[in-house]
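Since we're looking at a predicted model, the values are computed, not measured. Note that these values count all heavy atoms, side chains included, but never hydrogens, waters or copies made by symmetry.
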Amino acid sequence: MAEDAGGERRSGPTAGPDLWSRVVEQLGTALMVVDPAGRILAANPAAERLLGRAARAMRGLDAHDLLHRDTDGSTLPRRQCPLLQALDERAAAHGEGDGFLRGDGRLVTISWSASPLEADGSLQGMAVLFTDVTGDHGARRERAAYTSALEDLNERLTLVAEITDVLGQTLETDEALARLGRLLVPRLADWAAVDLRSGSGQVHRVSVTGPAGREAELEGGREHLPETAEQDRSPLVQVLNGGPPVLRQQEEEARAAGAEGSPLAALHSDFLRAARAMSVITVPLGSKRQITGALTLVRTDPAHPFDTADLDVVSDIGRRVGLVVDNARRYGRQRAVAEAMQRNLLAPLPQPGLLQLAARYQPAPVGSQVGGDWYDAFELKDGALALVIGDVVGHDLTAAGGMAQLHGILRSLAWDHTEPPGAVVDRLDDAMPAITTVPMATLVLARIEGDPHTGPWTLRWTSAGHPPPLLLTPDGQARYLEAGQGLVLGASWATGASRPDATLSLPPGSTLLLYTDGLIEIPGSDLDSGLVRLRRHALALAHAPLDTLCDELLARMPPGSTDDVALLALRLPTP
């Protein structure tokens, strides 16, 4: 109702059948009405335009059979039609991405919404509104493909970064390759094999990883195979001879396998057959100028072969792994030199009367660096026995060389003057900056005074910031000798004070242990815990032979140590 100028209300148009007919006719959205069986009763002009069909031509026809199609244009089974399901359930429904067939044979992608039409509780049919989203659907497909490509790229980059990080945490070749296999299988491949070249021109298949993990039986018996001439058509041989990365599918691999002639090519072909290879990538390890070996990845599912993007990623991985292997080899050579030098500089132990001596040197675990730990024992010109345990700061050839310098200088200073240990170490500290390259070190210097056969024995010692000696006595006691502590070598300039000495009478049958911090310091554990653990183990072994005591103390160290260990033990005779 509306009011005229005089305030009288006047009647407007009513919402009768004619009005609703005009609304349906003028509606910009396609509308179709179907009966309870799914036959078309009516369609508005927007529906005629979208479907390219006249309403009168569609009337009475089954909407599903006439219009509904799969994405490839084929007719869908009626049980898969959501509109018919909605009719059966007398419920509203909607859909996205369904295909409708136009009268000109073109398929359109639609978004639709349907509502049941009821009268007096009886279903009269369904009103279906639908719009053309063909363009939107294509855009969504493009966006989905783009997103998938980005996710795939991100996964590949993440894998490369993870491999770089994980392999950079070790300088041991076998451990690096074991980690590599676990990263590549099954994330990127079903099988992975690594072949390394030696300096003598041989190739060694060092690692094969499959779905069940390391497959030692496929590593070629650990034998070394000679490299072959460049005319060998095997992808592995070509890559090892400086050729580019190779991507081959099943058919190409079969042809290459038929042309095998060298032992190396035969080994590789046997591996591919055993792995049931469908798609194979072989890339060099390292750069073209320095090839340390080859990496081969295998996929066994023909539906998911490698592609050129995979080839680029694996080639990048190969370059990085080659650098890790080369660094590990260089480090291994350096470590072997340092360890040999360190062992050769540890002088043989003397045999003074009835005094028993035993010592051990244990390098740091594989993958860590050689340190500057050392021990020494020698007789002085006044008849006393000198005991030394020390640790030069650092973990490399420089530390090992510094250990050798201190070892020789300390022997000379201790022999030259008969004086307390503190005075000897003071002179060593004064000389160290001038005649060594050692910036800082810790040590314990001790003198065992008394007749080496009958005693009595007196221990005099000083400590330059080193862990305290441990004394085991025949009555079942064990205590750390905390006295005689001074600053580390290299820090005496801070005070200028003389180093302290400590003195203790040693009972017959007692055992003295000197050790470096590698025996008590474990990452994640505090020093006090390490001292308690060493004391407990030493007490349990107090009556064992001295060599057994040393061996067992090393064997009972908890895992996780990253430092080398020096251990020196003295046992006095019993009456």
Side-chain angles (χ1 to χ4, degrees), residues 334-352 357-364 369-448 460-467 469 484 486-493 499 501 514-518 563-570:
Q334 180 191 39
R335 177 187 172 88
V337 169
E339 190 174 319
M341 181 178 72
Q342 195 154 19
R343 288 190 182 279
N344 290 333
L345 288 171
L346 297 174
L349 298 175
Q351 296 179 338
L357 288 168
R360 296 292 185 272
Y361 172 72
Q362 177 173 284
Q369 294 182 317
V370 171
D373 292 18
W374 95 95
Y375 63 82
D376 197 9
F378 52 96
E379 293 181 271
L380 300 170
K381 62 182 178 181
D382 65 354
L385 174 67
L387 304 177
V388 183
I389 196 81
D391 186 358
V392 172
V393 172
H395 293 86
D396 50 24
L397 276 173
T398 302
M403 175 273 293
Q405 292 173 331
L406 288 187
H407 176 269
I409 295 170
L410 182 57
R411 272 200 167 208
S412 299
L413 293 175
W415 177 263
D416 185 48
H417 289 80
T418 301
E419 55 189 348
V424 175
V425 176
D426 275 337
R427 290 199 292 141
L428 175 65
D429 209 355
D430 290 339
M432 194 171 74
I435 57 179
T436 79
T437 58
V438 177
M440 194 167 290
T442 69
L443 64 78
V444 170
L445 172 62
R447 286 171 51 94
I448 306 297
R460 301 186 191 277
W461 78 97
T462 190
S463 174
H466 200 81
L487 294 174
V488 299
L489 291 170
S492 62
W493 55 265
R499 292 186 177 275
D501 285 290
L514 305 179
Y515 53 92
T516 55
D517 57 6
D563 203 357
D564 49 352
V565 178
L567 176 62
L568 177 62
L570 165 74

Considering non-hydrogen atoms only, spot the tightest contact between [X] and [Y] and give its length.
X    : Y    : result
A464 : V425 : CB-CG1, 4.4 Å
D501 : P420 : OD2-CB, 3.4 Å
L413 : R427 : O-NH2, 2.9 Å
A446 : W461 : CB-CB, 3.8 Å
V488 : G465 : CG1-CA, 3.8 Å
P352 : L385 : CG-CD2, 4.0 Å

(message) If we check side chain to side chain contact (heavy atoms under 4.5 Å, CB included) with L387, which of these qualifies: L445, L357, V444?
(response) L357
(request) Could you check T442, D373, D563 and say which one makes a side-chain hydrogen bond (donor to acceptor under 3.5 Å, both in side chains) with T516? (result) D373
(request) Report yes or no: do Y361 and D564 form a side-chain donor-acceptor pair below 3.5 Å? (result) yes
(message) So, using salt bridge (charged side-chain N to carboxylate O under 4.0 Å, His left out) as the criterion, who are the partners of E379 when residues are at least two apart?
(response) none
(request) Please identify each residue that fulfils salt bridge (charged side-chain N to carboxylate O under 4.0 Å, His left out) with R460, with sequence neighbours left out. (result) E449
(request) State whether the side chain of R499 and the backbone N or O of L487 hold a donor-acceptor pair below 3.5 Å, judged by distance alone. (result) yes
(request) Examine distances only and state if a side-chain atom of H466 and a backbone atom of A441 form a donor-acceptor pair shorter than 3.5 Å. (result) no
(request) Could you note down all residue pairs passing salt bridge (Lys or Arg N to Asp or Glu O under 4.0 Å) where residues 403-413 supplies at least one of them, sequence neighbours left out? (result) D376-R411
(message) Contact between V565 and R360 at the side-chain level, heavy atoms closer than 4.5 Å - yes or no?
(response) no
Could I get the full list of side-chain contact (heavy atoms from CB on, under 4.5 Å) partners for [X], not counting sequence neighbours?
X    : value
D382 : L380, A384, T418, R447
T436 : Q405, L406, I409, M432, V438
A359 : L349, Y375, L568

(request) Mind checking side chain to side chain donor-acceptor pair (under 3.5 Å) for T462 and listing every partner two or more places apart, or none if nothing turns up? (result) none
